[in-house]
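Below is one structure, written out as structure tokens; the observations come after it.
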Amino acid sequence: MTLSPELHAALAELASRGRILVASDFDGALAPLVLDPMDSRPIEGGMESLTALSTAPGTTVALVSGRALGPLRELSGAREPLLLIGSHGAEDSRLPDGLALDERQRVLLATLEEETRRLAEDHPGIRVEDKPAARVIHTRGLPPEVGSAALEAATALGKRHTDLVVTPGKEVVELAVAHVGKGVALLALADDLGVDAIFYAGDDVTDEHAFEALAHDPDQERAARRVTVRVGDGPTAAQHRVADEPGLLEVLQTLEALRTSR
Ligand SMILES: [Mg+2]
């Protein structure tokens, strides 16, 4: 065993609770980072361990990712009863169409669809990428003046609809109808499930937001019972740290053994 005694004790305590949520990021946590995101595969044993945990009584398991639901399901190979939260919380595999949007956001998404279609007609050569709750305008490869005019028009479109979240980049603008975040999504899921404690592991900036959200969980008893694990180095708001994906695998297998032997 190479887990720290503190982490092992925290897992043992977590495993003793009545109802728990075990959630993890995918890329960089369960699956080593690779050059082409579609080549990403979970570490051997990782999904097996999560699947075993998901069938243990009182245990819900979720993958929480910035990826869209489709690729997340395909690359992870996750099957029910594992839950998938995609697009940083804008997608939820429990919903009929997967889209975790309210009525107002759905109307806004339809408006965005219509507006970007018009934008593409007015600015030939731009590429519109469809995301579940967003459209991304790409101008790479276009003459600079053509590209910047298109980006300006896209930004103006975003400003006309004040509920859109506009994220500019280099030769790209993302217009999103929902900016949920992993922390908000995790707490909402935990509320829905009525769990006593939450486990979460991840490796990136969006996971740091989740670690902070769980630390400031309005349900203070649940906050006190949380177990958060940062995968890799760098400053963190998580309580524990493992070096890499094999380190997280050891955590999950330990939790699985503790939980299934209750
Ligand atoms: Mg990650």
Side-chain angles (χ1 to χ4, degrees), residues 3 7 21-51 53-54 60-78 82-93 98 100 129 131-134 136 165 167 169 172 174 176 178-190 198-215 226-253 255:
L3 296 185
L7 179 48
L21 168 61
V22 179
S24 176
D25 177 33
F26 184 68
D27 295 280
L30 266 179
L33 296 174
V34 288
L35 221 47
D36 181 345
M38 291 315 283
D39 286 342
S40 182
R41 294 292 177 274
I43 183 171
E44 199 181 329
M47 292 306 296
E48 289 80 351
S49 192
L50 286 178
T51 303
L53 268 168
S54 73
T60 301
V61 176
L63 289 183
V64 182
S65 174
R67 285 186 187 263
L69 221 48
L72 180 61
R73 182 178 285 119
E74 187 186 327
L75 295 174
S76 67
L82 243 87
L83 300 181
L84 299 174
I85 305 289
S87 301
H88 299 291
E91 291 184 287
D92 183 327
S93 65
E129 178 193 354
K131 282 192 176 178
V136 190
V165 181
T167 310
V172 64
E174 176 170 308
H179 198 73
V180 185
K182 290 179 173 182
V184 172
L186 273 169
L187 291 178
L189 179 59
I198 307 171
F199 171 96
Y200 188 64
D203 73 309
D204 213 336
V205 178
T206 54
D207 303 307
E208 288 298 326
H209 297 156
F211 297 146
E212 275 164 29
L214 296 187
R226 79 191 186 281
V227 179
T228 49
V229 180
R230 164 85 179 202
V231 182
D233 45 17
T236 187
Q239 303 155 297
H240 306 275
R241 186 193 300 277
V242 293
D244 47 19
E245 296 85 356
L248 179 60
L249 178 64
E250 188 179 356
V251 169
L252 296 176
Q253 289 177 333
L255 183 58

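Remember, it's 1-based here, ligands and their atoms both numbered in the order they're listed.
- L30 is not listed as a side-chain neighbour of D25, based on a closest heavy-atom distance of 4.5 Å or more.
- Within the protein, the number of N, O or S atoms lying under 2.8 Å from the Mg ion (ligand 1) is 3.
- Among L82, V22, I198, L21, the single residue meeting the side-chain contact (heavy atoms from CB on, under 4.5 Å) criterion with T60 is L21.
- Atoms NZ and CD, from K131 and E91 in turn, are 10.5 Å apart once rounded to the nearest 0.5 Å.
- Between V180 and H88 the shortest side-chain heavy-atom distance does not fall below 4.5 Å.
- Checked by atom type and distance alone, the side chain of E174 never pairs as donor or acceptor with a backbone atom of V136 at under 3.5 Å.
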Practice prompt. Walk me through it: do V64 and L189 pass the test side chain to side chain contact (heavy atoms under 4.5 Å, CB included)?
Written response: CA-CA 11 Å; V64 182; L189 179 59; 5.8 Å; no
